[in-house]
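Taking it in order: structure first as structure tokens, then the write-up.
Side-chain atoms are counted along with the backbone in the values below, which use heavy atoms only and exclude waters and symmetry mates. Every value quoted in this text rests on a predicted model; they were computed, and no experiment measured them.
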Amino acid sequence: MVVTEQIPSFEGIVEASARLKRWVGMTPLFQSELLSKAFEAEVWLKVETATPIASFKLRGAFNALLTAREMSSLRRAVTSSTGNHGQAVAFAARALGVPADIFLPDNPNPTKRDMIAALAGDHSRRRL
């Protein structure tokens, strides 16, 4: 699958939301009293740390893998990452039953490296 950079359309966002519904739950919204006062407007924060990997990157990883699966047969996920994206791909690939190769730099953050390894489980080859 070749991914090109483009501005998301409303239709694309609705499609992604429907695609992700089964895999990534809703995350809470909280109104920030401090920011609302500072900007003289209602400011709401979407708490993406309430996902299994504590990052919004999970939505993008699942959406990419699910889209690839819809377009053809998804046989493997491959990515290069220094942290959250690698964790997201490892988690999503394992959930979808797809092997994954996660490439990391020579001296990765040890906590991120360990999280990627834990999230990938035995289902992936980790290039650590």
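- Hydrophobic clustering of Ile, Leu, Val, Met, Phe, Trp and Tyr side chains at less than 4.5 Å, counting indirect connections, unites Phe62 with Val98.
- No more than 12 heavy atoms of other residues, nucleotides or ligands sit less than 6.0 Å from atom CD of Glu40.
- Not one N or O on the side chain of Ser17 forms a donor-acceptor pair closer than 3.5 Å with the backbone of Ile13.
- Thr79 places no side-chain N or O within donor-acceptor distance of the main-chain N or O of Ile102, the cut-off being under 3.5 Å.
- One distance of note links CZ of Phe91 with CD1 of Ile116; it measures 14.0 Å at 0.5 Å rounding.
- The side-chain heavy atoms of Leu96 and Trp23, taken from C-beta on, include a pair separated by under 4.5 Å.
- Of all non-hydrogen atoms in Ser81 and Pro105, the two that sit nearest each other are O-CD, 3.6 Å.
- One finds the CZ atom of Arg19 at 13.5 Å from the CZ atom of Arg59 (value rounded to the nearest 0.5 Å).
- Here the OG1 atom belonging to Thr111 is positioned 9.5 Å from the CD atom belonging to Gln87, to the nearest 0.5 angstrom.
- In this structure, the side chains of Leu58 and Leu20 stay at 4.5 Å or more apart for every pair of heavy atoms.
- For CD of Glu70, the number of neighbouring non-hydrogen atoms (other residues, nucleotides, ligands) closer than 6.0 Å is greater than 12.
- Residues Leu74 and Val24 share a single hydrophobic cluster, defined by chaining ILVMFWY side chains whose heavy atoms lie under 4.5 Å apart.
- Rounded to the nearest 0.5 Å, atoms CD1 (Ile53) and CE (Met115) are 8.0 Å apart.
- Rounding to the nearest 0.5 Å gives a distance of 15.0 Å between OG1 of Thr82 and CZ of Phe103.
- Inter-residue side-chain proximity for Arg22 and Leu66 is flagged as unmet; no heavy-atom pair is nearer than 4.5 Å.
- Remark: side-chain polar atoms of Ser32 are not paired, donor with acceptor, to backbone N or O of Ser36 under 3.5 angstrom.
- Around CG of Leu29, the count of heavy atoms belonging to other residues, nucleotides or ligands within 6.0 Å exceeds 12.
- In this structure, Leu119 CG and Arg94 CZ are separated by 6.0 Å, a value rounded to the nearest 0.5 Å.
- In this structure, the side chains of Lys112 and Asn84 come closer than 4.5 Å at one or more pairs of heavy atoms.
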